[in-house]
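Proteins get letters first, then strands, A, B, ... in listed order; numbering begins at 1 in each. Please read these numbers as outputs of a predicted model, since none were measured by experiment.
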Amino acid sequence: MCGRLTLHTPVLDWLLEFFPAYANLWPASIGAIIKTHPGICQARYNIAPTQPVLVIRQFAADTQPQLEAMRWGLVPPWADSLKIAYSMINARCETLEEKPTYRPLLDQGRCVLLADGYYEWKQMLGPEASAKEQAASKQTYWIHRPESKPLALACLWTSNHKDLDGNRAQEPLLSTTIITTDAGADTRSVHDRMPVVLQDETAVARWLSSQAHWQSIKDLVGPAGAGTLQPTRVSSKANSVRNQGPELIAPELYTPDLF
DNA sequence: CCAGACGTTGTT
DNA sequence: GTCTGG
DNA sequence: CCAGACGTTGTT
DNA sequence: GTCTGG
């Protein structure tokens with residue numbers, strides 16, 4: 001699955017990679033979002049659920065896609081509390097069309113999350129080990145594109161207009177969830193699920209096109225092809241959200257005396 | 001009809 | 001809001 | 001996702 | 001064990 005992210009690629013570089021056609025318009029967009037969300041465009045090596053993430057939405061064909069900050073973890077319009085979001089950080093692609101919360105978003109709530117990697121925890125021991133042993137044996141991986149190029153993740157977003165958890169909502173709460181699918185060849189050895197990766201500029205444009213119906217773009221949802229992603233063994237520093245620095249994605253070498 | 005869930009992962 | 005379970 | 005808390009009363 | 005916080 002996908003429960004922790006990185007974004008250290010400069011945001012302008014990310015936008016130019018997937019939307020070169022709007023090259024001269026992006027600096028203003030970035031300036032605007034920095035005003036409302038200071039710090040959101042700085043490098044982040046440990047983005048956790050509930051935190052703001054950067055997403056792209058497009059409201060009409062041939063208009064500039066919009067850069068937005070959203071809370072990670074979907075808070076549906078009917079929710080009276082933020083609690084539900086803890087279990088809606090990912091949405092299984094296999095059941096998107098059945099789930100009443102997700103179905104309307106397939107046509108009206110597609111967006112793309114800006115990231116350049118995510119963390120995964122490999123379970124190194126089988127079910128015969130105790131829960132304690134299993135927890136202690138987890139190996140952290142940072143999964144990213146070769147050369148650490150930007151990554152576009154297929155997501156759904158929605159808006160909640162209620163006074164959540166007793167706090168009067170001044171503004172509607174925008175939130176997002178990352179679609180997951182079976183792991184592809186690159187990451188299967190680490191974990192059996194992965195986020196849906198939009199491969200290139202064309203895939204991103206199709207996913208975002210607001211006039212396109214789900215049936216015509218659902219082919220974009222599936223495991224990434226071999227060669228798309230690369231898992232790098234890293235230390236357990238990323239396990240704690242208090243740790244934030246670039247050292248979290250540094251490759252960890254195997255220590256020979258353990259083998 | 002009303003009440004209650006609405007979600008995923010991993011673990012058991 | 002909308003679906004499922006009883 | 002993992003880490004860390006998990007509770008109340010009265011007093012400062 | 002289960003929930004909350006980040």
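- Taking the P atom of each, B:dG7 and E:dG1 are spaced 26 Å apart, rounded to whole Å.
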Q: Could you check A:Arg233 against A:Gln139 for side chain to side chain donor-acceptor pair (under 3.5 Å), going step by step and ending with a plain yes or no?
A: CA-CA 8 Å; A:Arg233 213 177 113 104; A:Gln139 171 63 54; 3.1 Å; yes

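- Nearest nucleotide to the A:Thr180 side chain, out of E:dT4, C:dG1, B:dT9: B:dT9.
- With B:dG7, E:dT4, B:dT8 as the choices, the nucleotide that has an atom nearest any side-chain atom of A:Ser87 turns out to be B:dG7.
- Taking atom CG of A:Leu164 as the reference point, atom P of B:dC6 lies 19 Å away to the nearest angstrom.
- Residue-to-nucleotide contacts include no donor-acceptor pair under 3.5 Å from the side chain of A:Tyr102 to the base of B:dG7.
- For a distance-only test at 3.5 Å, the side chain of A:Thr50 qualifies as a donor-acceptor partner of the base of E:dG6.
- Residue A:Ile89 is classed as a base contact, given a heavy-atom separation below 4.0 Å to a base.
- The nearest whole Å value for the distance from the CD atom in A:Gln139 to the P atom in D:dC1 is 17 Å.
- Here A:Tyr118 lies out of heavy-atom contact (under 4.0 Å) with every strand.
- Between A:Leu248 atom CG and D:dA3 atom P there is a gap of 13 Å when expressed in whole angstrom units.
- Here A:Arg193 reaches the OP1 or OP2 of B:dT9: one of its side-chain N or O atoms lies under 4.0 Å away.
- Summarising the local packing, CD of A:Glu171 is surrounded by 12 or fewer heavy atoms from other residues, nucleotides or ligands at distances under 6.0 Å.
- Backbone-only contact: A:Pro100 has heavy atoms under 4.0 Å from sugar-phosphate atoms and none from a base.
- Between B:dC6 and A:Lys99, no contact under 4.0 Å exists linking OP1 or OP2 to a side-chain N or O.
- Of the charged side-chain nitrogens involved, none lies within less than 4.0 Å of a carboxylate oxygen, so that A:Asp116 and A:Arg145 do not count as a salt-bridged pair.
- Remark: C1' of E:dG6 and CD1 of A:Ile47 are 12 Å apart, rounded to the nearest angstrom.
- Pair check for D:dC2 finds E:dG5; Watson-Crick or G-U wobble, both atom distances under 3.5 Å.
- At the phosphate of D:dA3, OP1 or OP2 sits under 4.0 Å from a side-chain N or O atom of A:Asn239.
- Remark: side-chain polar atoms of A:Asp165 are paired, donor with acceptor, to backbone N or O of A:Leu82 under 3.5 angstrom.
- If you check every strand for non-hydrogen atoms under 4.0 Å, A:Asn243 touches nothing.
- More than 12 heavy-atom neighbours from other residues, nucleotides or ligands sit within 6.0 angstrom of CG on A:Asp200.
- Residue A:Arg103 has a polar side-chain atom (N or O) positioned under 4.0 Å from OP1 or OP2 of C:dC3.
- The separation between A:Ile178 atom CD1 and D:dC1 atom C1' is 10 Å, rounded to whole Å.
- Proximity of A:Arg242 to the phosphate of D:dG4: a side-chain N or O atom is located under 4.0 Å from OP1 or OP2.
- Within 4.0 Å of A:Ala91, counting heavy atoms only, lie sugar-phosphate atoms of the nucleic acid but no base atom.
- The main-chain N or O of A:Val53 is never found under 3.5 Å from a side-chain atom of A:Arg71 such that the two would form a donor-acceptor pair.
- Using atom C1' as the reference point in both B:dT8 and D:dC2, the two lie 15 Å apart (nearest Å).
- For B:dT11 and D:dA3, the P atoms lie 13 Å apart once the distance is rounded to whole Å.
- Atom CD in A:Glu98 sits roughly 12 Å away from atom C1' in C:dC3 (whole-Å rounding).
- Taking atom CG of residue A:Leu5 and atom P of nucleotide D:dC2, one finds them 14 Å apart after rounding to whole Å.
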Q: Evaluate the side chain to side chain donor-acceptor pair (under 3.5 Å) criterion for residues A:Thr6 and A:Asn46: first the C-alpha distance (whole Å), next the side-chain angles of each, then the deciding distance (0.1 Å), finally the verdict.
A: CA-CA 6 Å; A:Thr6 62; A:Asn46 206 350; over 6 Å; no

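- Taking atom C1' on both nucleotides, D:dC1 is separated from B:dT9 by 9 Å, rounded to a whole Å.
- A:Trp78 comes within 4.0 angstrom of a base, heavy atoms only.
- Backbone-only engagement by A:Gln123 is indicated by non-hydrogen atom pairs under 4.0 Å involving sugar-phosphate atoms exclusively.
- At the heavy-atom level, A:Arg92 lies under 4.0 Å from the strands shown only through sugar-phosphate atoms.
- Residue A:Trp121 contributes atom CH2, which lies 14 Å from atom P of B:dT9 at whole-angstrom precision.
- Between the P atoms of E:dC3 and B:dC6, the separation comes to 13 Å (whole Å).
- Candidate nucleotides E:dT4, D:dC2, B:dT9 were compared by shortest atom distance to the side chain of A:Lys138, and D:dC2 ranks first.
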